[in-house]
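Note sheet for the following structure.
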Amino acid sequence: MAELPEVHTISNDLNNLVKDYTIDDVKVLSNYRILPDKDTFIKQVKGKPITQVTRVAKNIIIELGDNLNIGLHLAMTGQILVRNGNDKQPNWTHIILLLRSNTDTQTIYYTDMRMFGKITLMDKEQLQVLKDKYGPEPIDPNADPADFYERIRSKRTSIKNAILNQAVISGLGNIYATDALFLARIHPETPTQKMSSDMANRLFESAKNILLEGIEHRGSTLADKMYVDIYGKEGTQQNYFRVYGKQDCPNCATKLEFKKVGGRGTYFCPKCQNLSVQEQLF
DNA sequence: ATGTTTGTTCCGAT
DNA sequence: CATCGGAACAAACA
């Protein structure tokens, strides 16, 4: 659920709220996946100041200074929620952080319905290893479309599969990838080997634009409401979806096709995103 | 009730 | 040996 725009919104808000707070107490309520292990996590984190909250691809990084970082991956149903101390504990809470500044306290709940996410304690070196796993982000001003093209062409799969591979390009998930392909007018099943540099440029630009739009709209909240910001508020990008979850092409009103590509539900316009049209362009 | 659902990793096949 | 596709992970909903 949490793709780049959602993680970006959460990490920004969290940084604004709790930067320079101290972690007063940590409660772990389940056998959630915590690395290296639960006891080490509690011991290492307790009493540490939060120097900054940042983001690496779809990971939230809570920097504690002293060469220590907490990496949070929300996967599909993870949430970070701020509630008043006397509010009811949210469903599926696994971890509670009690934070304190000179003048204020905050309670942060980490929840995850399906428990696909994980929490990793990392030193500087491990954080670098994590960063190195990821391809460039389309929203990075330094990212190079020509490099993107090379990465695409090094794969032998569908373009949809390739852009969901975070080592090729990071930040896209199924929803934004689907809309990015529509905006670039590229059929999701186009073999990467058939991508022209012009198609790659278009796709890179579309991916950048759709992710920036998602950030502007503070992410997308689907019917299941699994993504909300740290205050429990929904995003609005779902109101701007081009083809994801839609019936008809917003461009030509043709009935959209739906099929599994790489195991993921994929919507596309058979007319606007037509393989043979692309070959003509090439 | 069986089939779906957002992300990632791992295993078997190619 | 490297790479790719698909299953698996867990839970809720239709």
Side-chain angles (χ1 to χ4, degrees), chain A residues 1-11 29-35 55-60 71-80 90-95 110-120 122 129-135 137 150-181 188-195 207 210-211 214-215 217-229 234-238 240-246 258-267:
Chain A
M1 200 49 95
E3 306 183 32
L4 186 148
E6 291 76 27
V7 177
H8 190 89
T9 303
I10 291 168
S11 97
L29 310 182
S30 71
N31 57 343
Y32 199 73
R33 192 149 56 120
I34 300 177
L35 300 172
R55 180 183 62 76
V56 172
K58 300 176 190 171
N59 301 270
I60 296 162
L72 304 168
H73 201 297
L74 304 176
M76 298 214 266
T77 57
Q79 297 175 324
I80 293 175
N91 278 346
W92 312 297
T93 296
H94 298 288
I95 290 155
Y110 182 95
T111 79
D112 188 353
M113 181 180 83
R114 286 172 72 182
M115 300 222 293
F116 285 1
K118 69 173 175 184
I119 297 179
T120 314
M122 291 178 290
V129 169
L130 180 78
K131 287 179 182 172
D132 290 344
K133 285 193 345 191
Y134 293 105
E137 296 184 356
E150 275 183 36
R151 288 166 179 273
I152 293 293
R153 290 295 292 259
S154 76
K155 299 292 173 192
R156 295 173 179 275
T157 182
S158 68
I159 187 60
K160 172 111 189 291
N161 255 345
I163 62 174
L164 285 175
N165 182 344
Q166 304 296 299
V168 171
I169 185 171
S170 65
L172 293 169
N174 195 42
I175 294 171
Y176 292 92
T178 298
D179 268 6
L181 285 162
E189 293 179 299
T190 307
T192 51
Q193 300 292 306
K194 285 204 169 180
M195 289 284 291
I210 201 70
L211 289 174
I215 290 170
H217 294 136
R218 297 181 59 80
S220 44
T221 300
L222 303 183
D224 62 11
K225 305 275 194 283
M226 286 318 297
Y227 166 74
V228 287
D229 69 17
E234 296 175 20
T236 59
Q237 179 65 21
Q238 68 280 7
Y240 303 88
F241 286 167
R242 308 307 196 282
V243 291
Y244 183 85
K246 301 287 184 188
F258 174 80
K259 69 187 292 190
K260 291 285 172 78
V261 179
R264 262 37 203 178
T266 306
Y267 300 82

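So you know, we letter chains A, B, ... as the sequences are listed, proteins then strands, and number each from 1.
Contact annotation: A/Lys133 reaches the phosphate of B/dT9 (side-chain N/O to OP1 or OP2, under 4.0 Å). Within the structure, a side-chain polar atom (N or O) of A/Thr157 is placed less than 4.0 Å from OP1 or OP2 of C/dG5. Residue A/Asn161 places no side-chain N or O under 4.0 Å from the OP1 or OP2 atom of C/dC4. The side chain of A/Lys260 places no N or O atom within less than 4.0 Å of a non-bridging phosphate oxygen (OP1 or OP2) of C/dA7. Considering only side-chain N and O atoms, A/Lys58 lies under 4.0 angstrom from the phosphate OP1 or OP2 of B/dT8.
Distance A/Gln238 CD to B/dT5 C1': 16 Å, rounded to the nearest Å. Here the P atom of nucleotide B/dT5 and the CG atom of A/Asn174 are 8 Å apart, to the nearest Å.
Under 4.0 Å is where a charged nitrogen must lie from a carboxylate oxygen, and between A/Glu234 and A/Arg218 no such pair does. With respect to A/Lys155 and A/Glu150, no salt bridge is recorded, no charged nitrogen being found less than 4.0 Å from a carboxylate O. Ion pair A/Lys58/A/Glu3 not flagged as a salt bridge, since none of the NZ, NE, NH1 or NH2 atoms sits closer than 4.0 Å to an Asp/Glu carboxylate oxygen.
Here, C/dG6 and B/dT4 have their P atoms 14 Å apart, quoted to the whole Å.
Side-chain proximity of A/Met113 to C/dA11, C/dC4, B/dT4: nearest is C/dA11. Among the nucleotides C/dC4, C/dG5, C/dA11, the one closest to the side chain of A/Trp92 is C/dA11.
Exactly one of A/His8, A/Gln166, A/Arg55 qualifies for a side-chain contact (heavy atoms from CB on, under 4.5 Å) with A/Glu137. That residue is A/Arg55.
Stacking between A/Phe116 and C/dC9 is shown: the ring centroid lies under 5.5 Å from the centre of the six-membered base ring, and the planes differ by under 30°.
Backbone-only contact: A/Tyr244 has heavy atoms under 4.0 Å from sugar-phosphate atoms and none from a base.
Residues A/Lys118 and A/Thr77 both approach DNA chain B. Their nearest nucleotides, taken by heavy-atom distance, put A/Thr77 toward the 5′ side.
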